[in-house]
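Note sheet for the following structure.
Labels below follow one simple rule: chain letters A, B, ... track the order of the sequence lines, proteins then strands, and each chain is numbered from 1. From a predicted model like this one, the values you see are computed outputs, not experimental measurements.
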Number of protein chains: 4
Amino acid sequence: MSRSASAQIERRQELLRAAASVFAQRGYERAKVAEIAATANVATGTFYLYFPSKEACFLDLVAQLYEIVLQRVTAARQGQADVLRKLKASITAVLETFEDERDLAAVVLLQGSGSLPQMAERLRSVEDNLAQLLAQDLKEAADTGLIARGDASLRAHLVIGAMREALLYRLRQPAQDGSQDETVRAFLLHALG
Amino acid sequence: MSRSASAQIERRQELLRAAASVFAQRGYERAKVAEIAATANVATGTFYLYFPSKEACFLDLVAQLYEIVLQRVTAARQGQADVLRKLKASITAVLETFEDERDLAAVVLLQGSGSLPQMAERLRSVEDNLAQLLAQDLKEAADTGLIARGDASLRAHLVIGAMREALLYRLRQPAQDGSQDETVRAFLLHALG
Amino acid sequence: MSRSASAQIERRQELLRAAASVFAQRGYERAKVAEIAATANVATGTFYLYFPSKEACFLDLVAQLYEIVLQRVTAARQGQADVLRKLKASITAVLETFEDERDLAAVVLLQGSGSLPQMAERLRSVEDNLAQLLAQDLKEAADTGLIARGDASLRAHLVIGAMREALLYRLRQPAQDGSQDETVRAFLLHALG
Amino acid sequence: MSRSASAQIERRQELLRAAASVFAQRGYERAKVAEIAATANVATGTFYLYFPSKEACFLDLVAQLYEIVLQRVTAARQGQADVLRKLKASITAVLETFEDERDLAAVVLLQGSGSLPQMAERLRSVEDNLAQLLAQDLKEAADTGLIARGDASLRAHLVIGAMREALLYRLRQPAQDGSQDETVRAFLLHALG
DNA sequence: TATGAATGAGAATTCATTCAT
DNA sequence: AATGAATGAATTCTCATTCAT
């Protein structure tokens, strides 16, 4: 008799959680499938009922973060009156999302590009998506004279890079209040002139 | 008669070059010692005449970049009249150094923290060194009222993060003129208020 | 469902048997794990499910012989009325045990001290244990005037050495009846005066 | 210009001494040619000017001990009036020779049979030679009624085994006076009845 | 002759993946 | 669906031996 579909999904999530934790700690190559399975309290073979390979699981993890981030950024922008507020909201949403998803964030920020070529590609696409969103804002803001003119795409990436570093800076220090966010936001908004 | 000491050193450099190239392309774990050796046109065993292990070779590479960067930054700051110029000079020096050492940069920026725990540590120490240098400048500049006040260490890291991203942004695009540097410098100096 | 525990144990024994055979034929260093595994009809990796290393397996083998010998010697001495009979029983037990465990004996007698430093140590401790047992008998027998006086420990070792040689002498000749045992026993008992 | 022949021979001896020392300490497999060469204060390649291979060097070592032992035993027997004295003289000669050639003895006694198949063969032949010498004495002595009758060859080997053990017993203890020799001789002569 | 850097075959060990139960 | 023992390809590192100098 088959388990209910929801039980299936739950176990998959459990494995993803376990994978995020193990990948975050050990890095992609040094993470063993057996350990992920053990962390999820299932047998090694069970892992392969839910993922075709270790690599696919890893890639799924990023896809997950991808969705969460874009979704939360999009939601945060809804109902923001002007571009500047949208920009601020976007930045805050990214910072908060990574704060909420520490393991996932560690995987993406630390292992990120170094692991698999495909991973690097996918990460880049997440970043590019985000960058495009920001770039549009920047362009619009620049057009309105709100911020200085300049290569929008590059500047969007610089914003992301600074955020990335802010997140890593935090990751290194055990859980923390968000008191630094203000500094980061100020830094970034100034940066854009 | 033994080969001259300089020939020895030359071969070591050759191997380091090869290693940088292979590590940059494949990442630490997927880089095979055999491939590094082949790239340097020597037999596998020869690699071990110059490095005790693959890991040591990798770590050496970072140490090398570390030295180059700090040395060039230090040199660039010499003879700069005021803090702001020192800040600018530092930023430019970092950007240029990484531009000149593409493979090394790729290893450090891409594989970086994800590879070995020791590597992560070492990288962090390079970054922290650089950050401290910057943080001092920021503090001084803030004291003089040249830039806005704020958490100097965090802001130094944000600067580094943005630079890092700028470098990655570049790394993705085949060799390029330095025309973006101005954008980056402007971004960063504005960011600091 | 996992294989029964007994099947596990059985396979371990199988591997130990294979290891004894291969070590006996080739010696520790020239014995390849792949060959041991093949001899046991399993894949190379399987070996490592049962032993952490080739060395550990080798050491296990000696521990095994150690237990068997001491156990059989102890059992043989039970119920022997006087010291002389105990002495005789001990000697016979050792000779028989090695006869029954030819491969194990070959490993211990031939590779013995030459293989691993740890192995040499362990072997020595087995020998010393045995020697102490004999030495006590010798002392007692000497005190009772049954045998000549003299350095008990050294003489115990001489007994062992002679037995060892007897075993090797036999090992060189394909399986044999125990007709030589009488000669050996006589030799040893005379030797002690 | 070629060195004098005697210089050649001297260097060969130097290498053999070094080899004996290294083999004695490390065992055949773990002894590195480079270390032997270094111990003899020559370059690695030089080793191969004097020996075709590591194995050949090892085998030479045994041949050397072989010659020394047989020569000294033969010499010691010269001028001994009767069989019993010859027997005693032989035993003493063996014990003394090994005492004088500690490294060589360690190689032969410890690594002995376990190292190379050829080594085992050669060792056996040394032992057999010695055993034959002893066996003849034993036979003669038995015929004369001086000692008990019995399988001469086996008993000769038992004598050798006991001597072997005596030597090992000694080897384990840092240099020692020959005070134990008396015990050993007494043991052996008694053993033969 | 002597040197010692270079070679490359060889072996132990790991671990993603499979599959019989 | 779940299990976990078994598999064997893959990779690092070692070291006897060679050979250009």
Side-chain angles (χ1 to χ4, degrees), chain A residues 1-4 7-8 11 29-38 41-57, chain B residues 1-4 7-8 11-12 29-38 40-57, chain C residues 1-4 7-8 11-12 29-38 40-57, chain D residues 1-4 7-8 11 29-38 41-57:
Chain A
M1 189 141 21
S2 70
R3 251 168 212 271
S4 70
Q8 288 262 104
R11 180 155 280 190
E29 302 282 356
R30 268 149 302 118
K32 299 176 211 164
V33 171
E35 192 186 357
I36 294 174
N41 292 310
V42 298
T44 306
T46 303
F47 177 92
Y48 287 89
L49 295 176
Y50 294 88
F51 305 97
S53 70
K54 176 183 171 183
E55 186 178 326
C57 170
Chain B
M1 185 136 32
S2 66
R3 224 167 240 278
S4 70
Q8 291 261 110
R11 179 150 282 191
R12 193 171 196 277
E29 304 280 356
R30 266 148 305 116
K32 298 179 226 160
V33 171
E35 191 186 357
I36 295 174
N41 292 312
V42 298
T44 306
T46 304
F47 176 90
Y48 289 92
L49 293 177
Y50 294 89
F51 305 98
S53 67
K54 177 184 168 182
E55 184 178 328
C57 171
Chain C
M1 185 136 34
S2 66
R3 228 168 238 278
S4 70
Q8 291 263 108
R11 179 151 282 190
R12 191 169 199 278
E29 304 281 354
R30 267 150 302 116
K32 298 179 225 158
V33 171
E35 191 185 357
I36 295 174
N41 291 312
V42 297
T44 307
T46 303
F47 176 91
Y48 289 92
L49 293 177
Y50 295 88
F51 306 97
S53 67
K54 176 183 169 183
E55 183 178 329
C57 172
Chain D
M1 185 136 26
S2 69
R3 250 166 212 273
S4 71
Q8 289 261 102
R11 179 154 281 190
E29 303 281 355
R30 267 149 302 119
K32 300 177 211 164
V33 171
E35 192 185 357
I36 295 173
N41 292 312
V42 298
T44 305
T46 304
F47 176 91
Y48 287 90
L49 294 176
Y50 294 88
F51 306 96
S53 68
K54 175 183 170 183
E55 185 178 326
C57 170

Please report, rounded to the nearest Å, how far the C1' atom of dT7(F) is from the CG atom of Leu49(C). 9 Å
Rounded to whole angstrom units, what separation is found between the CG atom of Asn41(D) and the C1' atom of dA2(E)? 14 Å
Whole Å only: how far is the CZ atom of Arg12(C) from the C1' atom of dA5(F)? 16 Å
Integer-rounded Å distance: dA16(E) P and Lys54(A) NZ: 4 Å
CD1 of Ile36(D) versus C1' of dT17(F): gap in Å, rounded? 13 Å
Over how many whole Å does the gap from Phe47(D) atom CZ to dT1(E) atom P extend? 17 Å
Measuring from Leu49(B):CG to Gln8(B):CD, what's the distance to the nearest 0.5 Å? 8.5 Å
Give the rounded distance in Å between these two atoms: CZ of Phe51(D) and C1' of dT18(F). 18 Å
Look at Tyr50(C) and dA5(F) and indicate whether a side-chain polar atom (N or O) is within less than 4.0 Å of OP1 or OP2. no
Can you tell me if Thr44(D) touches the phosphate of dG4(E), counting only side-chain N or O atoms and a distance under 4.0 Å to OP1 or OP2? no
Mate of dG8(E) across any strand shown (Watson-Crick or G-U wobble, both atom pairs under 3.5 Å) is dC15(F)
Using a cut-off of 4.0 Å on non-hydrogen atoms, how would the nucleic acid contact of Ala31(A) be classed: base, sugar-phosphate, or nothing? sugar-phosphate
Contact between Thr46(D) and Arg11(D) at the side-chain level, heavy atoms closer than 4.5 Å - yes or no? yes
Nucleotide opposite dA1(F) in a Watson-Crick or G-U pair, distances under 3.5 Å: none
Could you tell me which nucleotide pairs with dT13(E) by Watson-Crick or G-U wobble geometry, both distances under 3.5 Å, or answer none if nothing does? dA10(F)
Mapping Ala34(D) and Ala43(A) to their closest nucleotides on DNA chain F, which lands nearer the 5' end? Ala43(A)
CD1 on Ile36(A) to CZ on Phe47(A), rounded to 0.5 Å: 5.0 Å
What is the distance, rounded to the nearest whole Å, between atom NZ of Lys32(A) and atom P of dG4(F)? 17 Å
Of all the heavy-atom pairs spanning Lys54(B) and Glu29(B), show the shortest one and how long it is. NZ-O, 3.5 Å
Do you know the tightest heavy-atom contact between Ala37(D) and Ala43(D)? CB-O, 3.7 Å
Below the 4.0 Å mark, does dA1(F) have OP1 or OP2 next to a side-chain nitrogen or oxygen of Arg11(A)? no
Taking only side-chain nitrogens and oxygens of Tyr48(D), does any of them come within less than 4.0 Å of OP1 or OP2 of dC19(F)? no
